[in-house]
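Keep in mind that what you see is a predicted model, and the values were worked out from it rather than measured. The sequence lines fix the lettering, A, B, ..., with proteins before strands; numbering per chain opens at 1.
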There are 2 protein chains.
Amino acid sequence: MAKVTLQSIADKVGVSRMTVSNAFSRPDQLSSELRRKILDTAADLGYVGPDPAARALARGRTGSVGMLINGRVGEAFATDGSSDLELLSAVADELSAHGMAVTLLTPQLDEKFFPARDVAIDAAIVYSCNAETSGLAELQQRGIPMVTIDENPRPGIPPVNIDDRGGARAAAQHLVDLGHRRVGILALQDAEKPGAADDLSTMSVEYPESERMAGWREVLDAADAEVVTRLAPLAPRSVAAEVAADLLDQGVTAVLCFSDVFAHGVLTTAAARGLRVPDDVSVVGFDDTELAAALNPPLTTVRQDVAAKGRAAVTTLVARLAGQAPEAVVLPTELVIRRSTTTARPGRQADLP
Amino acid sequence: MAKVTLQSIADKVGVSRMTVSNAFSRPDQLSSELRRKILDTAADLGYVGPDPAARALARGRTGSVGMLINGRVGEAFATDGSSDLELLSAVADELSAHGMAVTLLTPQLDEKFFPARDVAIDAAIVYSCNAETSGLAELQQRGIPMVTIDENPRPGIPPVNIDDRGGARAAAQHLVDLGHRRVGILALQDAEKPGAADDLSTMSVEYPESERMAGWREVLDAADAEVVTRLAPLAPRSVAAEVAADLLDQGVTAVLCFSDVFAHGVLTTAAARGLRVPDDVSVVGFDDTELAAALNPPLTTVRQDVAAKGRAAVTTLVARLAGQAPEAVVLPTELVIRRSTTTARPGRQADLP
DNA sequence: ACGTTCTTCTGTACCGCTACAGTACGGCGA
DNA sequence: TCGCCGTACTGTAGCGGTACAGAAGAACGT
């Protein structure tokens with residue numbers, strides 16, 4: 001069967017193509033009887049609706065929003081687990097409410113195809129990207145409106161972030177209040193520059209990383225606490241476990257972790273060394289992922305609302321699309337106290353070999 | 001500045017628009033000097049490449065593939081955790097290698113916007129959908145080529161599945177070989193029809209669910225084992241824990257679980273009741289997610305390669321797009337024996353109150 | 001009766017690109 | 001010298017819609 005177009009329906013009903021178009025896209029432009037008749041005829045012909053590609057060209061909007069992530073999707077998303085999916089879900093659902101869909105913009109694999117250049121989108125959400133992320137320049141050149149999530153603010157691109165620093169401060173203050181004066185920090189190492197766990201120059205400089213570190217240090221330094229900082233990559237987990245072991249050997253009475261996953265590693269390592277949490281050592285996570293409450297003991301951590309972050313990004317983007325001025329968003333964080341932290345046990349150092 | 005089009009570049013270089021188009025899309029159609037010159041001029045004008053929307057209309061292909069999921073993305077994906085993300089990642093990466101991108105097809109929220117009808121796509125992957133999933137009919141009417149993943153085969157749509165039944169058989173056989181003769185099954189309840197945990201009519205009838213159940217029963221029945229079946233919904237987890245408790249109270253010496261997450265629930269519940277795993281009760285999971293190896297004890301489970309499943313779906317789709325005959329795919333599963341299973345402890349029933 | 005306003009439908013001109021069928025011309029074999 | 005072929009470039013005709021500015025007639029007020 002030949003392809004069904006607006007024209008073929010118009011011919012069959014005996015009206016102009018424009019009227020058929022209106023029947024689908026601007027119901028107020030024609031009488032409801034005629035519209036009914038047109039829609040019925042269209043249904044008879046098996047016509048579902050105006051061709052989205054043609055409509056996109058004519059209207060100048062495609063109805064999709066790109067999601068740019070750094071590295072292969074597998075790498076960007078899979079390492080951190082559930083919260084990325086939660087973010088993506090929130091973005092998809094919220095966009096859907098605004099009549100749009102998300103398209104994943106993978107990095108360029110070959111010369112011929114480059115999603116950031118070749119995929120039809122109206123706007124883009126930039127997530128988990130660093131300065132070298134390929135695609136950003138192309139999006140910018142195409143004049144695609146963007147927002148970033150969890151990123152150092154870039155000129156001209158409204159950022160959506162959480163109060164990483166405030167959350168970190170609250171976590172550190174919590175430990176200080178519990179009397180901890182020798183505190184370990186397990187932070188994130190830049191995947192691109194592996195190095196010794198205590199080589200702080202290899203620390204990831206992305207926004208959440210540096211903000212969290214800043215928050216911790218502000219409070220710990222002000223309290224004159226001793227700080228032992230160690231860096232670990234997200235994967236493989238075995239490395240994080242080793243680094244955690246090293247950290248615990250430094251005689252700290254508490255550990256502030258970059259993420260719940262890291263905290264999990266510390267818990268496991270502590271157990272393997274016969275250290276009780278929180279009696280011997282307190283542990284604080286970050287993010288309050290599902291993992292946090294499920295661990296044993298349940299983790300004291302800093303909560304962020306990942307879904308809200310995704311929704312805020314969409315809201316900001318929609319506002320931009322509507323011509324409103326871009327505005328930075330910072331979502332609150334909240335310290336959630338569970339059972340992995342308690343008062344400092346004095347003289348833990350003395351137990352060490 | 002006015003929008004830069006092929007025509008504006010053509011005018012500036014002094015060639016026809018067609019030649020500029022060829023410079024970008026069919027390099028073999030013009031001399032390389034001219035191409036160089038055109039590309040340079042285009043770069044000067046800030047032209048990134050042909051407009052994807054216009055190209056889509058002219059070529060008749062959009063370069064995106066839809067991913068249809070049931071319910072809001074949040075519901076479909078978030079419940080099961082990591083493996084969905086893994087699947088999506090694999091699909092995105094593999095599509096990217098074929099010059100395409102994934103677009104998430106969310107369900108219809110209002111009359112005006114319906115992704116399955118209104119989003120420009122060349123093909124679709126149907127995942128985690130049931131018969132009532134909205135959107136399927138629209139895709140079919142649009143004549144969009146599809147594949148399903150983890151679904152009961154539908155006429156005209158090539159399915160990509162794993163050998164759920166074989167994996168379940170292997171798991172059950174493993175228990176039988178270990179001497180278990182009273183085995184619990186913790187299967188998945190249909191989210192749409194809540195009911196008593198032992199009301200088997202509320203069992204989910206989707207493909208993986210029914211296949212796994214069939215595999216378990218085949219082997220257990222053949223071995224004349226007693227079987228106690230209980231159903232739990234994916235969420236909330238507390239319900240699964242309750243159901244697991246009930247199951248353990250039935251004096252089973254082993255439990256076959258629909259997923260690793262369920263197995264996790266059984267482990268936790270067992271621990272809470274003072275039952276040692278595997279000494280008092282053996283537990284088998286399904287899927288071999290990251291969770292499985294991380295649990296204590298590490299879980300005996302049935303491995304499936306989720307990423308391979310995603311890649312296979314893309315391969316099948318690409319073949320269909322190329323006009324090849326659709327072909328069903330069944331990927332192997334493999335029993336992974338870890339430390340949550342051991343020989344049946346005789347007379348466990350006697351311990352019960 | 002006549003101008004005005006609404007409602008309902010139509011005609012034309014694109015949206016920005018690509019497919020395809022040329023045209024022009026230099027080189028090459030006989 | 002002529003025909004033939006391959007290479008390099010061009011002209012035209014869409015792809016399937018939508019925006020926008022009419023046009024035609026009915027309804028209405030004075």
To the nearest Å, give me how far apart CZ (A:Arg142) and P (C:dC17) are. 11 Å
Carboxylate-amine/guanidinium proximity below 4.0 Å for A:Arg55 and A:Asp51: no
Looking only at side-chain N and O atoms, does B:Ser21 come under 4.0 Å of OP1 or OP2 in C:dG16? no
Within this structure, what is the CZ-CE distance for the pair B:Arg61 and B:Met100, rounded to the nearest 0.5 Å? 9.0 Å
Interatomic distance, B:Leu6 CG vs C:dG16 P [rounded to whole Å]: 10 Å
Once you round it to whole Å, what is the distance between C1' of D:dG16 and CZ of B:Arg61? 17 Å
Please round to the nearest 0.5 Å and tell me the distance separating atom CG of B:Leu87 and atom CD1 of B:Ile69. 10.5 Å
Within this structure, what is the CD1-to-P distance between B:Ile38 and C:dC17, rounded to whole angstrom? 14 Å
Identify which one of A:Val147, A:Leu68, A:Asp84 satisfies the side-chain contact (heavy atoms from CB on, under 4.5 Å) criterion when paired with A:Tyr127. A:Asp84
When you measure from the side chain of B:Ala54, which nucleotide among D:dC9, C:dC9, C:dC17 comes out closest? C:dC17
So, for B:Leu321 and B:Asp122, which heavy atoms are closest and what is the spacing to 0.1 Å? CD1-O, 3.9 Å
Any A:Ser25 side-chain N or O less than 4.0 Å from OP1/OP2 of D:dT18: yes
The side chain of B:Pro50 lies closest to which of these nucleotides: D:dG17, D:dT10, C:dC17? C:dC17
Looking at every strand, decide which applies to A:Thr19 at a 4.0 Å heavy-atom threshold: base, sugar-phosphate, or nothing. base
Salt bridge check, A:Arg36 against A:Asp40: does any charged N sit closer than 4.0 Å to a carboxylate O? yes
Just call it for B:Arg26: base, sugar-phosphate, or nothing, with non-hydrogen atoms closer than 4.0 Å on any strand. sugar-phosphate
On DNA chain D, check which nucleotide each of B:Asp28 and B:Arg59 is closest to and give me the residue with the more 5' one. B:Asp28
Rounded interatomic separation in angstrom, taking NZ from A:Lys3 and P from D:dC15: 9 Å
With sugar-phosphate meaning primed atoms plus P, OP1 and OP2, does B:Leu30 contact a base, only sugar-phosphate, or nothing at under 4.0 Å between heavy atoms? sugar-phosphate
What is the distance from CG of A:Leu57 to C1' of C:dC15, rounded to the nearest Å? 4 Å
Can you check whether A:Ser16 has a side-chain N or O nearer than 4.0 Å to OP1 or OP2 of C:dC9? no
Calculate the interatomic distance between B:Lys37 atom NZ and D:dA8 atom C1'; express it in whole Å. 14 Å
Reckon B:Tyr47 touches a base, only the sugar-phosphate, or nothing at all at heavy-atom distances under 4.0 Å? sugar-phosphate
Quick check: on DNA chain D, is the nucleotide nearest B:Ala58 upstream (toward 5') of the one nearest B:Met18, or the reverse? Name the residue that is more 5'. B:Met18
Using whole Å, report how far CG of B:Asn22 lies from P of D:dG11. 13 Å
Examine the base of D:dG17 for any acceptor or donor lying under 3.5 Å from a partner atom in the side chain of A:Arg17, and report the outcome as yes or no. yes
Proximity to the side chain of B:Arg55 - top-ranked nucleotide from C:dC9, C:dC15, C:dT18: C:dT18
NA contact type, A:Gln29, heavy-atom cut-off 4.0 Å: base, sugar-phosphate, or nothing? base
